[in-house]
Amino acid sequence: MPNKLKRTGTRNKRISARDKFLKGIHQKNRQVLEKSLFELTAAYNIGREASYAADLRNCLKILVDGIADLMSVEIVSVMLMDRYEEGLVLEFSKGLGNEITKEKVRLGHGIAGWIAQTGEALLIKDIKKDVRFSRRGGKYYTDSLLSVPLKINKKVIGVINVNNKVTRDIFEEEDMDVLRKVAGLAAAAIESARLQEEAVARDETRLEFISNISHELRTPLSCINEGVSLVLDGVTGKINSKQKEFLASVKNNIERLKRLVSELLELAKVESRITRMRRSLFDVVQLIEGVVASMGPLVKDKKISLKKTLPDKNIQIWADPDKLSQVLTNLIDNAMKYNKPKGIVEVSMDESAKTVNINIRDTGIGIPEEDIKKIFDRFYRVEASAKSKTRGAGIGLSIINEIIKKHRGNISVDSEVGKGSRFTVTLPKDLRAENR
Ligand code: ADP
C-alpha cells in the first residue's frame with residue numbers, strides 16, 4: 001500500500017510538471033493572443049480616426065502620430081505614389097529634420113522605391129549593409145529600419161517607414177506585424193481622403209465654371225430686359241397692341257431664362273460637396289408660419305386657398321433656416337402651380353421624438369405613379385405639366401432633394417392623378433448628433 005501511495009505520489013508529481021509545462025504554453029499563447037488583440041484594436045482605432053479626418057494632411061498626421069505612439073518609435077514617414085505612378089513623394093513625417101526634401105523617389109530606387117516596385121515589406125537589421133539605402137536626414141540611433149507598403153487591392157499607393165525605437169533596440173518580426181496591421185487600414189483611410197480631396201477640387205472647378213457662365217449670361221439678359229421694358233412702357237415712343245403683345249412674350253421668356261440660369265447655379269451649389277448647410281436652432285412652427293404668410297400675394301393671384309394646420313407650440317430643430325424656407329416655398333409654389341382653379345393647398349406638421357414631418361397637400365392634377373420617382377431627377381417634368389403652360393424647368397425638386405439630403409432628412413410623395421398630391425418632408429430635430 002505505501003508503495004502504491006508512493007507511485008501515485010510520483011505520478012502526481014509527473015502530472016503536475018506536465019500541467020505546469022502546458023500551463024506555461026497556455027499562458028504564453030494567451031499573452032501572444034492578448035498582445036495581438038491589443039495591436040489589432042489599436043491599429044483599428046488609428047485607421048478609424050484617420051478615416052474621419054477632414055483632409056489628407058490631417059489623415060496622415062493622425063496615422064503618423066498613432067504609429068509612433070503604438071510602436072514607440074521616434075521617426076515615422078509616409079511616402080505616397082504620385083499621380084503618374086512614376087515615384088514616391090514624402091508626404092508627411094515625424095522626427096525627420098527640416099532638411100528633408102520632397103524630391104521624388106523613383107520606382108526601383110532606394111528602399112521605398114524597391115518596396116513600391118515589389119509590393120513587399122522590408123525589415124533591415126543593419127542598414128549599412130544594404131546597398132539600396134541612402135540617408136535622407138534625421139538622426140538615427142540604430143542601423144535598423146522597417147518599411148511596409150500601403151496597398152489598395154494589391155496596388156501599392158505608398159510606403160510607411162519607421163526608425164528609432166525609443167528603447168534603441170533593433171526592429172524584429174513582431175514590429176513588422178504591428179506595422180502591417182496598421183498599414184492595411186491606413187491605406188484605405190489615405191485613399192478615401194485623397195479621393196475626397198480630388199472630388200472637392202473637381203466640385204470647386206465645376207462651381208466656378210457655372211458661376212462664371214451664369215454671371216456672363218445674366219448681365220446681357222438684364223440689359224435686354226431693361227431695353228424691352230423701356231420700349232413696353234412707351235419711353236421710346238408709342239407702340240401698337242401687336243408690338244406690345246410680342247414684346248410682353250419676349251419679356252416673359254427673358255424672365256424664364258433668368259430663372260433657369262439662377263436655378264442651375266443654385267443646383268450646382270447645393271450639389272457641391274463644398275456647400276455646407278448653415279445650421280442653427282430655431283422654431284420650425286414659426287418658420288412655416290412665415291413662409292405661408294409670404295405666399296399670400298401669390299394665393300390671391302391664383303384664387304387658391306392656402307391653409308395651415310400647425311401645432312400650437314414651439315418646436316425647436318437644428319437646420320439651415322434659409323434653406324428650409326426655400327424648400328417649403330418651392331413645394332407650396334408647386335402645389336399652387338399644379339393645382340386646379342379654386343383648389344386648396346394645406347400645410348401641416350407633426351412630430352415624433354426625433355423628427356418633424358412637414359406636409360404640403362394640394363387638390364391639384366396629381367402625379368402618375370410611374371413618374372413619382374423621376375420628378376426628383378434634374379430637368380424631369382411630368383408630360384402633362386410639360387405640355388401645359390405652367391412655367392418650370394424641372395430643377396426645383398432636385399434642389400429640394402439635395403437640401404433635404406444634406407440635412408439627413410427625407411422627402412416622400414403620395415399622389416393620385418386628378419385628385420392631388422401630398423409631399424412630406426421629414427427632418428431630424430437634432431442634427432448635431434450626426435455631425436461626423
Ligand atoms: P418645375 O419647375 O417643372 O415645377 P420641379 O422640379 O419643381 O420643376 O417639379 C418637377 C415636376 O414634378 C414638375 O414639372 C411637375 O410635373 C411635377 N410636380 C411637382 N410638384 C407637383 C405637384 N404638387 N402636383 C403635380 N405635379 C407636380
Side-chain angles (χ1 to χ4, degrees), residues 210 214 217-218 221 252-272 275 288 291-292 294-295 298-299 301-309 322-349 357-407 409-426:
I210 295 177
S214 74
L217 282 171
R218 255 191 305 206
L221 275 176
N252 234 336
N253 279 301
I254 295 170
E255 292 294 344
R256 253 182 71 187
L257 255 177
K258 274 171 70 180
R259 240 187 343 259
L260 179 63
V261 170
S262 51
E263 277 188 345
L264 277 175
L265 180 60
E266 180 63 23
L267 180 62
K269 276 188 194 158
V270 291
E271 275 182 345
S272 144
T275 311
I288 301 174
V291 172
V292 171
S294 73
M295 306 297 281
L298 257 178
V299 177
D301 274 3
K302 300 227 167 194
K303 298 195 178 66
I304 279 173
S305 70
L306 177 57
K307 298 178 181 173
K308 55 181 194 290
T309 316
D322 292 338
K323 292 283 181 242
L324 183 57
S325 296
Q326 187 184 342
V327 165
L328 299 179
T329 306
N330 225 320
L331 288 174
I332 299 173
D333 187 41
N334 274 354
M336 297 203 287
K337 224 165 58 171
Y338 301 109
N339 219 315
K340 294 177 209 152
K342 294 193 181 158
I344 297 169
V345 174
E346 186 185 11
V347 183
S348 62
M349 79 163 285
N357 307 304
I358 308 168
N359 310 297
I360 293 100
R361 184 182 69 84
D362 67 60
T363 53
I365 57 173
I367 306 163
E369 200 176 338
E370 64 272 19
D371 286 310
I372 286 188
K373 268 195 187 142
K374 299 182 199 154
I375 56 174
F376 294 98
D377 294 348
R378 269 177 260 170
F379 307 114
Y380 191 83
R381 303 196 75 199
V382 175
E383 206 181 335
S385 35
K387 276 186 183 159
S388 74
K389 279 195 171 165
T390 36
R391 64 181 158 82
I395 303 178
L397 284 179
S398 352
I399 296 176
I400 289 174
N401 201 25
E402 285 299 325
I403 295 176
I404 294 172
K405 254 202 281 178
K406 285 207 160 150
H407 278 89
N410 182 50
I411 180 162
S412 60
V413 189
D414 221 355
S415 188
E416 202 176 323
V417 175
K419 290 219 163 139
S421 315
R422 191 168 83 153
F423 286 73
T424 301
V425 176
T426 302

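The chain is numbered in sequence order, starting from 1. Atoms within a ligand are numbered from 1 in the order they appear, just like the ligands themselves. All values derive from a computational prediction rather than experimental measurement.
Counting only heavy atoms of the protein, atom 23 (N) of ligand 1 lies nearest to Asp362 OD2, 2.9 Å. Here the heavy atom of the protein found nearest to atom 21 (C) of ligand 1 is Tyr338 CD1, 3.5 Å. In this structure, the protein non-hydrogen atom closest to atom 15 (C) of ligand 1 is Ser385 OG, 3.3 Å. Counting only heavy atoms of the protein, atom 3 (O) of ligand 1 lies nearest to Arg381 NE, 2.7 Å. Looking only at heavy atoms of the protein, atom 12 (O) of ligand 1 is closest to Ile375 CG2, 3.3 Å. Closest to atom 26 (N) of ligand 1, if we only count protein heavy atoms, is Ile367 CG1, 3.3 Å.
Residues satisfying the side-chain contact (heavy atoms from CB on, under 4.5 Å) criterion with Ser262, sequence neighbours excluded, are Arg218.
For the pair Glu263 and Arg256, the salt-bridge criterion is not met [side-chain N within less than 4.0 Å of a carboxylate O].
The main-chain N or O of Glu271 is never found under 3.5 Å from a side-chain atom of Lys405 such that the two would form a donor-acceptor pair. Put simply, the side chain of Asp371 never gets that close to the backbone of Ile367: no donor and acceptor are under 3.5 Å apart. Using a distance-only test at 3.5 Å, with no hydrogens or angles considered, a donor-acceptor pair links the side chain of Arg381 to the main chain of Gly392. A donor-acceptor pair is defined here as one N or O able to donate and one able to accept, closer than 3.5 Å; such a pair exists between the side chain of Lys340 and the backbone of Gly418.
For Lys337, a nitrogen or oxygen atom sits less than 3.5 Å from a nitrogen or oxygen atom of ligand 1, counting backbone and side chain alike. Between Ala393 and ligand 1, at least one N/O pair is under 3.5 Å apart. Between Leu397 and ligand 1, at least one N/O pair is under 3.5 Å apart. Among the atoms of Gly394, some N or O lies under 3.5 angstrom from an N or O of ligand 1. Below 3.5 Å of separation, one finds no N or O of Gly366 facing any N or O of ligand 1. Polar contact check, Asn330 against ligand 1: no nitrogen or oxygen pair lies under 3.5 Å apart. Note: an N/O pair closer than 3.5 Å links Asn334 and ligand 1 by distance alone. Checked by distance only, ligand 1 and Tyr380 stay at 3.5 Å or farther apart across all their nitrogen or oxygen atoms. Note: an N/O pair closer than 3.5 Å links Gly396 and ligand 1 by distance alone.
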Please report, to 0.1 Å, the donor-acceptor pairs under 3.5 Å made by any side chain of residues 322-329, with sequence neighbours excluded.
| from | atom 1 | to | atom 2 | distance (Å) |
| --- | --- | --- | --- | --- |
| Ser325 | OG | Pro321 | O | 2.9 |
| Gln326 | NE2 | Glu266 | OE2 | 3.2 |
| Thr329 | OG1 | Ser325 | O | 2.6 |

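Inter-residue side-chain proximity for Phe423 and Ile411 is flagged as met; some heavy-atom pair is nearer than 4.5 Å.
Side chain to side chain, Ser348 and Thr309 fail the donor-acceptor criterion of an N or O pair below 3.5 Å. When only modelled atom types and interatomic distance are considered, Thr424 and Asp414 share no side-chain donor-acceptor pair under 3.5 Å.
Ligand-side atoms of ligand 1 in range of Gly392: 1 (P), 2 (O), 3 (O), range being under 4.0 angstrom from any heavy atom. Atom numbering of ligand 1 starts at 1 in the shown order; those under 4.0 Å from a heavy atom of Ile395 are 6 (O), 8 (O).
Contact analysis puts Ser421 in contact with ligand 1, with a non-hydrogen atom separation below 4.0 angstrom. Contact analysis leaves Phe376 out of contact with ligand 1, as no non-hydrogen atom separation drops below 4.0 angstrom.
How far NZ of Lys342 is from OG1 of Thr363: 12.5 Å, rounded to the nearest 0.5 Å.
Across all non-hydrogen atoms, the minimal contact from Met336 to Ile304 is O-CD1, 3.5 Å.
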